[in-house]
Amino acid sequence: MQKIGVFVCWCGSNIAATVDVKAVAESAYDIPGVVYATNYQYMCSENGQSLIKNAVKEYGLTGIVVASCSPRMHEATFRKTAQAAGLNPYMVEIANIREQCSWVHKDMDTATAKAKVLLRTAVSKLTLDQPLTAGTSPVTKRALVIGGGIAGIQTALDIADAGYKVDIVEKKPTIGGKMAQLDKTFPTLDCAACILTPKMVDVSANENINIYSYSEVESVSGFVGNFDVKIRRKARYVKEDLCTGCGSCMAKCPSKKALNEFNMGLNTRTAIYIPFAQAIPNVAVIDPQSCIKLKTGKCGLCQKICEAKAIDYEQKDEIIEEKYGAIVAATGYNPIKLDKFGELGYDLYPDVITSLEYERLMNAAGPTKGHVLRPSDGKEPKRIIFVQCVGSRGQSCRDKSYCSKICCMYTAKHAMMTKDHYPDTDVKVFYIDVRTPGKNFDEFYRRAVEEYGVEYIKGQVGKIYEEDGQLKVQGSDLLANKQLTLDADLVVLAVAIEPDETARKVATMLTASMDTNDFFTEAHAKLRPVESPTAGVFLSGVCQGPKDVPETVSQASAAAAKVIGLLSKDELTGNPCVAHADPLLCNGCSQCANVCPYGAITYVEEEVRGVGVREVRRFARVNEAVCQGCGACTVTCPSGAMDLKGFTNRQIMAEVDAICK
């Protein structure tokens with residue numbers, strides 16, 4: 001006979017303010033199997049856990065129900081408490097009366113009644129629970145970092161410095177990401193390249209780090225500690241082990257009309273190119289869309305002059321298979337496309353540019369060698385207007401609902417740098433609100449206004465157009481309560497940022513969660529901010545949400561610390577809540593194997609014996625070391641042969657029956 005103990009938590013006033021915790025505890029005695037019930041202010045505290053341990057021993061409890069917050073918060077805590085008291089840790093059930101009661105109901109009677117139902121439901125399931133034993137699996141001591149921007153670089157360096165092997169997969173020909181395109185970083189105005197490129201060199205020189213540039217992850221299977229990954233190394237038509245990066249091929253290439261992606265299309269490049277001078281690896285790549293040889297079979301000049309014999313027009317994509325213990329997503333971001341913002345004239349007027357394009361104009365290695373020149377005529381602009389929050393903060397149905405977080409600061413940076421280089425330039429900024437939440441950020445913004453004399457206009461820009469060859473900016477000044485039409489020589493749009501277009505594809509392969517904006521979702525915003533809900537998958541940088549460089553680097557190191565903690569273990573304790581098949585019911589249809597995302601189900605033919613049954617049958621068999629207990633197979637099985645330990649069909653139906661009483 002089950003002896004169940006019930007422990008109702010106040011959660012301070014989080015629960016107790018809306019739920020009558022004493023009444024909930026007392027109601028437990030009306031449920032068959034409950035021999036002890038109590039309530040306490042903080043059940044997860046040391047005193048609360050001691051209360052549970054003492055009750056287990058005193059009353060000989062065989063299982064416990066804790067009515068408290070979400071199991072995502074403290075289920076592991078209470079399982080450890082039960083284990084310390086001599087109970088099987090899987091004889092613990094959580095009734096979530098915080099998120100599902102006190103946080104969603106204002107009326108105490110309603111919340112209390114619902115809490116009693118949830119408690120009864122948890123007890124009903126517990127009466128059918130069986131002790132479970134977790135298995136173990138070995139850990140592959142190698143990490144994969146998807147993305148080679150500053151987030152991926154910092155994560156890889158930290159993991160490698162701890163002595164573990166790391167592979168970086170970067171889809172572009174070089175690592176460096178968006179930071180490689182920047183001129184200065186706020187709030188210190190440090191040279192971005194001076195910070196980034198030494199780290200890139202460190203990555204290249206670190207014997208524990210392997211770079212797969214111009215590559216993409218093709219598929220991911222397996223589970224935490226034992227991921228099987230296929231990586232597609234795209235043909236760059238240049239042999240990495242032979243190319244010296246001398247640049248002679250670029251100097252002689254006759255195809256010079258391809259837009260330079262690194263310079264945001266502000267100038268052109270050759271068909272064979274190295275993205276920028278400090279690229280890692282410093283190896284050329286051929287753009288097959290621009291190369292005359294690859295398109296027509298003619299030319300081949302670069303191959304003829306390459307002394308290293310590195311050019312290989314016959315090179316094909318290569319698939320590399322590798323095993324990893326942990327995977328870090330660091331897929332980064334992109335500025336949003338402006339095709340839906342026709343009123344701002346981005347596609348109509350060459351002198352309306354984005355902030356990242358302005359960054360390249362100001363960069364000494366950029367298309368204009370650091371001189372801010374109008375794209376239309378190459379002249380220095382005397383009146384520059386910056387427009388904030390383009391596509392951010394849900395101002396219209398086209399906008400992202402979130403604040404992109406970095407725009408206020410990089411606009412202040414651009415304004416100050418412009419005044420530094422061109423003191424006579426008239427600089428104005430249209431803004432909605434100025435948001436400066438970081439260390440020394442507000443002081444940085446005030447310098448732009450007070451020291452540099454940048455004029456900030458609170459209001460939105462409604463239209464940018466050209467009249468008699470003059471660029472016009474029409475907007476509102478909310479503080480002066482008037483409409484403005486200002487002349488501008490150059491308009492810079494601070495556009496919203498969004499996750500890289502590969503993020504959703506990567507998340508699908510990793511079975512990781514994403515929000516409605518395609519940012520990766522962390523396991524818990526406060527308790528597990530750099531972990532994905534998928535075990536063994538970690539998050540680094542802007543793939544999880546908008547961040548500046550300091551915050552990105554901090555999160556990258558945090559993700560690395562979590563990876564190091566995982567790889568330091570020789571084996572991992574698995575989840576005992578795994579699927580299992582009843583061979584007497586299984587009809588061998590393979591539907592469960594088809595939906596299993598982990599490849600944990602295979603089929604065998606063996607003799608099956610039962611009451612009145614003795615025959616050779618084909619039935620499913622679950623590899624418990626691989627199964628992650630997702631339950632997809634149980635809902636797919638047409639014959640009801642698949643069940644999930646800890647969440648059996650009987651247990652689920654017992655919960656339903658308890659709710660309906």
Side-chain angles (χ1 to χ4, degrees), residues 180-186 189-194 256 259-269 276-277 335 338 341 344-388 390 407-431 444-445 447-457 461 463-475 484-495:
Q181 296 175 278
L182 306 183
D183 184 29
K184 299 286 192 297
T185 61
F186 58 79
L189 294 181
D190 293 284
C191 166
C194 300
K256 301 180 180 181
L259 292 178
N260 189 333
E261 302 92 341
F262 188 76
N263 282 332
M264 301 301 294
L266 294 171
N267 66 346
T268 59
R269 57 161 173 78
F276 59 101
L338 293 174
F341 295 82
L344 299 181
Y346 176 75
D347 292 327
L348 297 175
Y349 312 117
D351 295 333
V352 178
I353 63 175
T354 68
S355 293
L356 194 53
E357 291 169 355
Y358 192 72
E359 195 82 42
R360 295 309 301 156
L361 290 178
M362 300 198 76
N363 196 302
T368 57
K369 309 301 181 186
H371 301 289
V372 177
L373 304 175
R374 299 201 314 178
S376 63
D377 57 14
K379 296 180 180 178
E380 288 184 6
K382 298 301 180 183
R383 294 162 296 188
I384 301 178
I385 293 178
F386 293 88
V387 182
Q388 290 277 61
V390 176
C407 318
C408 289
M409 289 299 294
Y410 70 57
T411 295
K413 175 190 75 172
H414 287 157
M416 281 193 281
M417 291 172 62
T418 301
K419 296 291 280 185
D420 261 337
H421 287 80
Y422 309 99
D424 296 332
T425 304
D426 178 37
V427 178
K428 291 181 171 63
V429 178
F430 277 91
Y431 73 101
F444 184 81
Y445 152 67
R447 279 182 61 200
V449 177
E450 298 167 5
E451 184 179 333
Y452 286 86
V454 176
E455 183 182 354
Y456 274 71
I457 303 170
V461 169
K463 187 177 181 181
I464 298 173
Y465 60 98
E466 201 173 81
E467 188 176 275
D468 298 329
Q470 176 63 57
L471 209 57
K472 302 278 186 178
V473 178
Q474 182 179 310
L484 302 174
T485 300
L486 304 175
D487 292 343
D489 299 322
L490 188 67
V491 178
V492 183
L493 307 178
V495 299

Quiz item: Is the side chain of Asp351 donor-acceptor paired with the backbone N or O of Ser376 at a distance under 3.5 Å, no angle test?
Solution: yes
Practice problem: Please report the closest heavy-atom contact between Ser355 and Tyr410, naming both atoms and the distance. | Solution: OG-CE1, 3.0 Å
Exercise. Under the side chain to side chain contact (heavy atoms under 4.5 Å, CB included) rule, what do Val372 and Glu380 come out as? Steps first, then yes or no, please.
Key: CA-CA 6 Å; Val372 177; Glu380 288 184 6; over 6 Å; no
Quiz item: If you measure from CG on Leu493 to CZ on Phe341, what distance do you get to the nearest 0.5 Å?
Solution: 9.5 Å
Quiz item: Looking at residues at least two apart in the chain, or sitting in another chain, which of them share a salt bridge (Lys or Arg N to Asp or Glu O under 4.0 Å) with Asp420?
Solution: none
Practice problem: Check whether any side-chain heavy atom of Pro375 sits under 4.5 Å from a side-chain heavy atom of Leu490, and report yes or no. | Solution: yes
Quiz item: Between OH of Tyr452 and OG1 of Thr425, what distance do you get to the nearest 0.5 Å?
Solution: 13.5 Å
Quiz item: Can you name the one residue among Met416, His414, Lys413 that meets side-chain contact (heavy atoms from CB on, under 4.5 Å) with Lys184?
Solution: Lys413
Practice problem: Mind checking salt bridge (Lys or Arg N to Asp or Glu O under 4.0 Å) for Arg383 and listing every partner two or more places apart, or none if nothing turns up? | Solution: Asp487, Asp489
Quiz item: How many angstroms lie between atom CE of Met409 and atom OG1 of Thr185, to the nearest 0.5 angstrom?
Solution: 10.0 Å
Quiz item: In Å, rounded to the nearest 0.5 Å, how long is the span from CG of Asn263 to CZ of Arg269?
Solution: 11.0 Å
Self-check item: Side-chain donor/acceptor of Asn363 to backbone N/O of Ala365, under 3.5 Å
Solution: yes
Practice problem: Answer yes or no: is there a donor N or O on one side and an acceptor on the other, between the side chain of Gln474 and the main chain of Ile464, under 3.5 Å? | Solution: no
Exercise. Find out whether Thr354 and Pro335 are in side-chain contact, i.e. whether some heavy atom of one side chain is under 4.5 Å from a heavy atom of the other.
Key: no
Practice problem: Please tell me if the side chains of Lys379 and Leu373 come closer than 4.5 Å, counting only heavy atoms from C-beta onward. | Solution: no
Practice problem: Decide yes or no for Ile384 and Val491: does some side-chain heavy atom of the first lie under 4.5 Å from some side-chain heavy atom of the second? | Solution: no
Quiz item: Taking only residues two or more places apart in sequence or in another chain, which ones pass salt bridge (Lys or Arg N to Asp or Glu O under 4.0 Å) with Glu451?
Solution: Arg447
Exercise. Kindly indicate, with the supporting measurements, whether the criterion side chain to side chain contact (heavy atoms under 4.5 Å, CB included) is fulfilled by Met264 and Tyr358.
Key: CA-CA 9 Å; Met264 301 301 294; Tyr358 192 72; over 6 Å; no
Exercise. Could you tell me the separation between the NZ atom of Lys463 and the OG1 atom of Thr485, rounded to the nearest 0.5 Å?
Key: 10.0 Å
Self-check item: Nearest non-hydrogen partners of Pro381 and Arg374, listed with the distance
Solution: CB-CG, 4.0 Å
Quiz prompt | Worked check of side chain to side chain contact (heavy atoms under 4.5 Å, CB included) between Ile385 and Leu471 | solution = CA-CA 11 Å; Ile385 293 178; Leu471 209 57; over 6 Å; no
Practice problem: Report yes if some heavy atom in the side chain of Leu484 is under 4.5 Å from a heavy atom in the side chain of Phe430; otherwise report no. | Solution: yes
Quiz prompt | Check: Arg360 side chain, Pro367 main-chain N or O, donor-acceptor pair, under 3.5 Å | solution = no
Quiz prompt | Euclidean distance, Leu266 CG relative to Leu361 CG, rounded to 0.5 Å | solution = 5.5 Å
Practice problem: Evaluate the side chain to side chain contact (heavy atoms under 4.5 Å, CB included) criterion for residues Thr418 and Phe386: first the C-alpha distance (whole Å), next the side-chain angles of each, then the deciding distance (0.1 Å), finally the verdict. | Solution: CA-CA 11 Å; Thr418 301; Phe386 293 88; 4.3 Å; yes
Quiz item: Under a 4.5 Å cut-off applied to non-hydrogen side-chain atoms, are Asp183 and Met417 in contact?
Solution: yes
Exercise. Would you please classify the geometry between the Tyr456 ring and the Tyr445 ring as parallel, tilted or perpendicular, with 30° and 60° separating the classes?
Key: perpendicular
